[in-house]
Asks: 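After the structure tokens below, expect a handful of questions from me.
Computed from a prediction, not measured in an experiment: that's the story for all the values here. To find a chain, count down the sequence lines: A is the first, B the second, and so on, and within it residues start at 1.
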Protein chains: 2
Amino acid sequence: MALAYDYKDVHYLPTPQRGGDPVAALFRMGVTMTFAKDEEIYGQDEDADLIYRVLEGAVRTTRVMADGRRQIGDFYLADDVFGLEAGPRHRFSAEAVRDSVILVVKASALRAAGGEIERLGWEATRRELERAQEHVLLLGRKTACERVASFLKDLSDKSGGARVVDLPMGRQDIADYLGLTIETVSRMLSQLQSGRIVSFCATRQFRVVNPEGLARLADQAH
Amino acid sequence: MALAYDYKDVHYLPTPQRGGDPVAALFRMGVTMTFAKDEEIYGQDEDADLIYRVLEGAVRTTRVMADGRRQIGDFYLADDVFGLEAGPRHRFSAEAVRDSVILVVKASALRAAGGEIERLGWEATRRELERAQEHVLLLGRKTACERVASFLKDLSDKSGGARVVDLPMGRQDIADYLGLTIETVSRMLSQLQSGRIVSFCATRQFRVVNPEGLARLADQAH
DNA sequence: CGGGGTCCTTGATGCGCATCAAGGCGCGGT
DNA sequence: ACCGCGCCTTGATGCGCATCAAGGACCCCG
């Protein structure tokens, strides 16, 4: 239901100023929308006419095979831009991982703006590509333990290297991102915990106990 | 050795006209270079100041982990553009799969050109992203047999849906692209052949015997 | 405070692909 | 033609992760 949204959810923005962030320029004429947990933001094979930015919450992009196997392309947290992963049509769908507030802008408007603004769109696309390529390496050549370690490290890095990190998503989402099953994810998390690499304060919050150990497990990659 | 090339390999181009191809505009002021089989075109962590187009031959992008595990990011055949997969520095290296002729242009020159030309660069980056995301799905959720089938179908599609297709790369490269071992690739190829899906005329050339069967195996993806 | 549902963990077993090992095939050199 | 070497195939075995199964932890709601 990307475009058939409720108008109560839409708010026109008075030129948001998010701390001198250059990407904010992309969204000067956007609208905000709210999505409930697990609500679809856009669907596989829908037109890719909009681009999006997370204000609050978390988003996943997913692709489902005919028999139900699911792959998550990426997660997007506060300030991340998504929806660029497409030609004319989206190859993945996007869903709210939990209740989320999303800023939306027309891609065509962006293209029309030209120059500097357009270049920011290219930059964002390039970052997406880099992340996708890291993901390819992870899925192609890392073990289950390395995948989970990479995932936790990535989350920690995204939070500016914080030692205590929240997991916005459940175990099934992690599994579908890492190309594993929920049981294997759970086992690897337990294993990392008993190896004093991380420590779970709650099901969805962990502490990095041994950052070097975590990096070593994650970055066997050169 | 991307930049320390031999000058004998460099030829300035008299505005190449490749059949009205729009991407050709990107390369109006490029130079051609030749690379021998397995020669490096650019290295991991090198500056990403150039973009490339295959004129003849084939190229692979690779990433090697500390312990030698290797992942191939993608293959590039005649007319494909590569080298966009990067911020300031390349995350993958690029090597010639066999003797190849490559057209090279400065990315900064392209950026300076602005407008229409720059947009083509964005388009090319977006196509790269789409391919990387297909690769993620393949590596995350497809079985060995499906991966090999997808690979063969992809090659056939790239050749305009040809029934008889050449494999420019060896089995090890296929394995490193698909996240498998060389033995498994070989076994799956044999299996597809005895299932009358494809038929190998030579080690590096096959015929698509049953296109629907191949598509069914490859495209369990919606 | 207790009941029920969802999500998560842990254990037992099995399978798909990796690993180890041994030839076979094709191709270039002499 | 023949040899030698690299690449590929095929077979035997093992391991890592999936699958199947059974609780346990947490949370919402009465």
Asks: Is the centre of the B:Tyr52 ring less than 6.0 Å from the centre of the B:Tyr76 ring?
Replies: no
Asks: Please confirm whether the shortest side-chain N or O distance from B:Thr203 to OP1 or OP2 of C:dC25 is below 4.0 Å.
Replies: no
Asks: Using heavy-atom distances to pick each residue's nearest nucleotide on DNA chain D, tell me which of B:Arg171 and B:Arg141 is more 5'.
Replies: B:Arg171
Asks: Write down the distance between CG (B:Asp173) and C1' (D:dC8), rounded to a whole number of angstrom.
Replies: 14 Å
Asks: Between B:Gln193 (CD) and D:dC8 (P), how many Å, whole number?
Replies: 15 Å
Asks: Kindly say whether, by distance alone, the side chain of A:Glu183 makes a donor-acceptor pair under 3.5 Å with the base of D:dC20?
Replies: yes
Asks: Report the relative orientation of the aromatic rings in B:Phe206 and B:Phe200; use parallel for angles under 30°, tilted for 30 to 60°, perpendicular for over 60°.
Replies: tilted
Asks: Taking the basic N atoms (NZ, or NE/NH1/NH2) and the acidic carboxylate oxygens, is any pair closer than 4.0 Å for B:Lys153 and B:Asp219?
Replies: yes
Asks: Check the distance between D:dC8's P and B:Leu180's CG and give it to me in whole angstrom.
Replies: 15 Å
Asks: Answer yes or no: side-chain N or O of A:Arg187 and base N or O of D:dT19 forming a donor-acceptor pair under 3.5 Å.
Replies: yes
Asks: Mind calculating the distance between CG (A:Leu192) and C1' (C:dT9) to the nearest angstrom?
Replies: 15 Å
Asks: Hey, what's the ring geometry for B:Tyr177 with B:Phe75, parallel, tilted or perpendicular (30° and 60° as the breaks)?
Replies: tilted
Asks: When you match A:Leu189 and B:Gly179 each to their closest nucleotide on DNA chain C, which lands nearer the 5' end?
Replies: A:Leu189
Asks: Are any of A:Thr184's side-chain N or O atoms less than 4.0 Å away from OP1 or OP2 of D:dC17?
Replies: no
Asks: Please state how far atom CZ in A:Phe200 lies from atom P in D:dA25, giving the value in whole angstrom units.
Replies: 17 Å
Asks: What's the closest nucleotide to the A:Ile182 side chain, out of D:dT10, C:dC17, C:dT9?
Replies: C:dT9
Asks: Distance check needed: D:dT9 P versus B:Gln172 CD, whole Å only.
Replies: 12 Å
Asks: Looking at A:Val148, A:Asn210, A:Leu152, which hits side chain to side chain contact (heavy atoms under 4.5 Å, CB included) with A:Val198?
Replies: A:Leu152
Asks: Calculate the interatomic distance between A:Leu178 atom CG and D:dC17 atom C1'; express it in whole Å.
Replies: 13 Å
Asks: Does a side-chain N or O from B:Ser190 land closer than 4.0 Å to OP1 or OP2 of D:dT10, or not?
Replies: yes
Asks: Measure CG/B:Leu139 against C1'/C:dC17 and give the value in whole Å, please.
Replies: 15 Å
Asks: With distance as the sole criterion, do the side chain of B:Arg204 and the base of C:dG26 form a donor-acceptor contact below 3.5 Å?
Replies: no
